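Written out below as C-alpha cells is the structure these notes cover.
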Amino acid sequence: MARWLLKSEPTSYSWDDLVRDGGTEWDGVRNPTARINLRAMKTGDEAFFYRSVQEPAIVGIARITREAQPDAKDPNWVSVRVEPVRELTPVSLKSIKSEPKLAAMELLRQSRLSVAPVREEEWELIIAMANA
DNA sequence: GCCAACGTTGGC
DNA sequence: GCCAACGTTGGC
C-alpha cells in the first residue's frame, strides 16, 4: 500500500468537514506534479490529511476509496475519492521540521505541492509522533 | 525556446 | 502583511 499526503486549508475544506461528510471527491487540484500523484493512487492507499496555513499540521488519516477519474469541472485534471479513517493528535509542521529523519519528506522539499507521496518509514515515524 | 512579469501557495 | 518558491503567460 502506498502512502500519501493531502493538503487542505481549513477555510476551504477541513478535517471536520471530511468527518461530517463521511467522504468527499478530492477535486480542484490544478498542479501537474500533484496530478501525477493523484493518478498513482490506488483504492485502499492511505493519506495524511494536512492542514495548511492556520497552525500547519498533520491532523488525520484518510483512505483513498476510488482511483483517479476526470475532474467533473475540467477533464484535463483528475480527482479521487477519499474518506476519513481516524483523527490524529496533530503533528505540527514545526515538529516535522525539527525531526532529522523527516528532512527528505516531499512536504518539506516542495512546500507548495498539495498532493505528495510519503515514504513508509516517514509514515510510521509520524504515527509514532502523534501517539507520543 | 528563452525569460521577464505576474499570480498563487503557504510559512512565518 | 511580507516574501520565497514555483507555476503560468506572453513578448520577442
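Side chains are part of it too, since the values below use all heavy atoms of this structure and drop only hydrogens, waters and symmetry mates. Throughout, a chain's letter reflects where its sequence line sits, starting with A, and its residues are numbered from 1. Everything numeric here is computed off the predicted structure, so don't read it as measured data.
- Residue pairs meeting the ring-ring contact (aromatic ring centres under 6.0 Å, His included) criterion with at least one member in residues 98-126 of chain A, sequence neighbours excluded: A/Phe48-A/Trp123.
- Listed by chain and residue number, nothing satisfies the side-chain hydrogen bond (donor to acceptor under 3.5 Å, both in side chains) test with A/Arg63 (two or more places apart in sequence, or in another chain).
- Legend: ring-ring contact (aromatic ring centres under 6.0 Å, His included) pairs involving residues 82-117 of chain A, not counting sequence neighbours: none detected.
- Applying the ring-ring contact (aromatic ring centres under 6.0 Å, His included) test to every pair with at least one member in residues 14-38 of chain A, sequence neighbours left out, gives these pairs: A/Trp15-A/Phe49, A/Trp26-A/Phe49.
- The ring-ring contact (aromatic ring centres under 6.0 Å, His included) pairs that include a residue from residues 70-99 of chain A number zero, where partners must be two or more places apart or lie in different chains.
- Within a heavy-atom distance below 4.0 Å of DNA chain B, the residues of residues 53-62 of chain A found are A/Val53, A/Pro56.
- Residues that satisfy the side-chain contact (heavy atoms from CB on, under 4.5 Å) test with A/Ile36, not counting sequence neighbours, are absent from this structure.
- Listed by chain and residue number, A/Asp17 satisfy the side-chain hydrogen bond (donor to acceptor under 3.5 Å, both in side chains) test with A/Arg20 (two or more places apart in sequence, or in another chain).
- Remark: A/Asp71 engages A/Arg30 in a side-chain hydrogen bond (donor to acceptor under 3.5 Å, both in side chains) (not counting sequence neighbours).
- Residues from residues 91-101 of chain A placing a heavy atom under 4.0 Å of any atom in DNA chain B, listed by number, are A/Leu93, A/Lys97.
- Nucleotides of DNA chain B lying under 4.0 Å from heavy atoms of chain A occupy a range whose first and last members, 5' to 3', are B/dG7 to B/dC12.
- By the 4.5 Å heavy-atom criterion applied to side chains, A/Lys7 and A/Leu107 are counted as neighbours.
- With sequence neighbours excluded, no residue satisfies ring pair (Phe, Tyr, Trp, His ring centres under 6.0 Å) with A/Trp4.
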